[in-house]
Amino acid sequence: MPELPEVEIVKRALEPVLLERPLRKLQFNRADLRFALPGDLPDKLAGRTITSISRRGKYILAFADNDHGFVLHLGMSGVIRIEHPEEQSDQKHDHVVWAFDEGPRIVFNDARRFGFLQAVHVEDWQDSAPFNAMGPEPLGNSFNGEYLAEALSGKKASIKSALLDQRVVAGVGNIYDCEALYMSGIDPRRSAGSLSAQECEKLAHAIKTVLALAIEKGGSSLKDYKHTDGNLGYFQHHFAVYDREGDPCPKSGCPCGTDNGVQRIVQHGRSTFFCPYVQN
DNA sequence: CGGCAAACCTGCGAGC
DNA sequence: TGCTCGCAGGTTTGCC
């Protein structure tokens, strides 16, 4: 589930349950996820209170009142469950548990284990990888057409893959990459450096729009998520092209409707979905 | 250095 | 029913 909007939604859901509650125990159910889990972190955080939560790209950061904290990445299949005492259940692939003296606990479940949790300190987290090379937040003011034109300048790789580079812009993944390129009418196969200033402006705007809309939709169905125990997929019904191979694209009267519809191609090992008429 | 394939790991749906 | 294959929202590594 995790691109920027989903991570933002998880971050917002964590705020009321993780903040300002003394953490009884940070429990690791195995020694490693994608990377080794920080074995000394539970001792640093036991009995402490988390005082801040933030998001950077697809990463969630949380710091305790002693300036120690953790950074969490959900990988491809990572899911956070917030479980009230009467609804706690241990499930396969529950790797990390945040336990409190009372009230809900927090569980990180990740079947594929592409996700990870690492220790960070408030003083220096920004100086270490990947944060020291990460591009701007797409919803922030510093991300705009002018920045994008500069960042893409001279790049020979396709615009599709350039947007997946977290050094160009933080938090865009395969879905919103496809959606933003559709929204801006840009062919995903074009080289990144070939985009005009006007196209960069359009694309930057489309990225902001699609991400903001996804956060809005995701937020509205977060209640369902909490009650249905892990059933996700809030925004999927709003995709214009992603995972819609063969369907007519949403543009009314688009010739793709009487042709082959939305096309799927593979670029650098990842699926790209696009409408060859809208995006040219 | 830029670009790209492969690797990491498990689960699920399609097809036989 | 059960097997194999291909595919999955991400990132890192190593090779040209």
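All chains are named by letter (A, B, ...) in the order of the sequence lines, taking the proteins before the strands, and each is independently numbered beginning at 1. Owing to the predicted nature of the structure, the values given are computational and were not obtained by experimental measurement.
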Would one find a side-chain N or O of [X] under 4.0 angstrom from OP1 or OP2 of [N]?
X        : N      : answer
A/Lys156 : B/dC4  : no
A/Lys92  : B/dT10 : no
A/His93  : B/dG11 : yes
A/Ser77  : C/dG9  : no
A/Gln166 : C/dG10 : no
A/His73  : C/dG10 : no
A/Tyr242 : C/dG9  : yes

Closest to side chain of A/His268, choosing from C/dG9, C/dT11, B/dA5:
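Nearest listed nucleotide: B/dA5.
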Of the listed nucleotides B/dT10, C/dG9, B/dC9, the one nearest the side chain of A/Arg270: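 Closest nucleotide to the A/Arg270 side chain: C/dG9.
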**Request:** Please say whether the positively charged group of A/Arg56, taken as NZ for Lys or CZ for Arg, lies over the ring of A/Tyr59, i.e. under 6.0 angstrom from the six-membered ring centre and within 45 degrees of the axis.
**Result:**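 Output no; distance or angle outside limits.
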Checklist entry - Within 45° of the six-membered ring axis of A/Phe116 and under 6.0 Å from that ring's centre, is NZ or CZ of A/Arg34 located there? => result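 Judged by the rule (NZ or CZ under 6.0 Å from the ring centre, within 45° of its axis), A/Arg34 is not positioned above A/Phe116.
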Whether the A/Lys156 and A/Ser191 side chains hold a donor-acceptor pair (N or O, under 3.5 Å, no angle test) is what I'd like checked.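 There is no such pair (donor and acceptor under 3.5 Å, judged by atom type) between the side chains of A/Lys156 and A/Ser191.
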Exam field: side chain A/His95 to backbone A/His93, donor-acceptor pair closer than 3.5 Å
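Indeed, once roles are kept as given, a pair shorter than 3.5 Å links the two residues.
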A/Lys202 (side chain) donor-acceptor with A/Gly185 (main chain) under 3.5 angstrom: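 Flag not set: sc A/Lys202 to bb A/Gly185 has no pair under 3.5 Å.
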Close N or O pairs between protein and nucleotides 12-16 of chain C (under 3.5 Å):
| from | atom 1 | to | atom 2 | distance (Å) |
| --- | --- | --- | --- | --- |
| C/dT12 | O4' | A/Arg34 | NH2 | 3.0 |

Among A/Ile80, A/Val10, A/Ile53, A/Val7, find the one that has a side chain to side chain contact (heavy atoms under 4.5 Å, CB included) with A/Leu72.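 So the option named by the test is A/Ile80.
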> Could a donor-acceptor pair under 3.5 angstrom be found where the side chain of A/Arg112 meets the base of B/dC9?
Replying inline: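 Yes, a donor-acceptor pair under 3.5 Å.
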*Could you work out the separation of B/dA5 and C/dC7 based on their P atoms and round it to a whole Å?*
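Here B/dA5 and C/dC7 have their P atoms 15 Å from each other.
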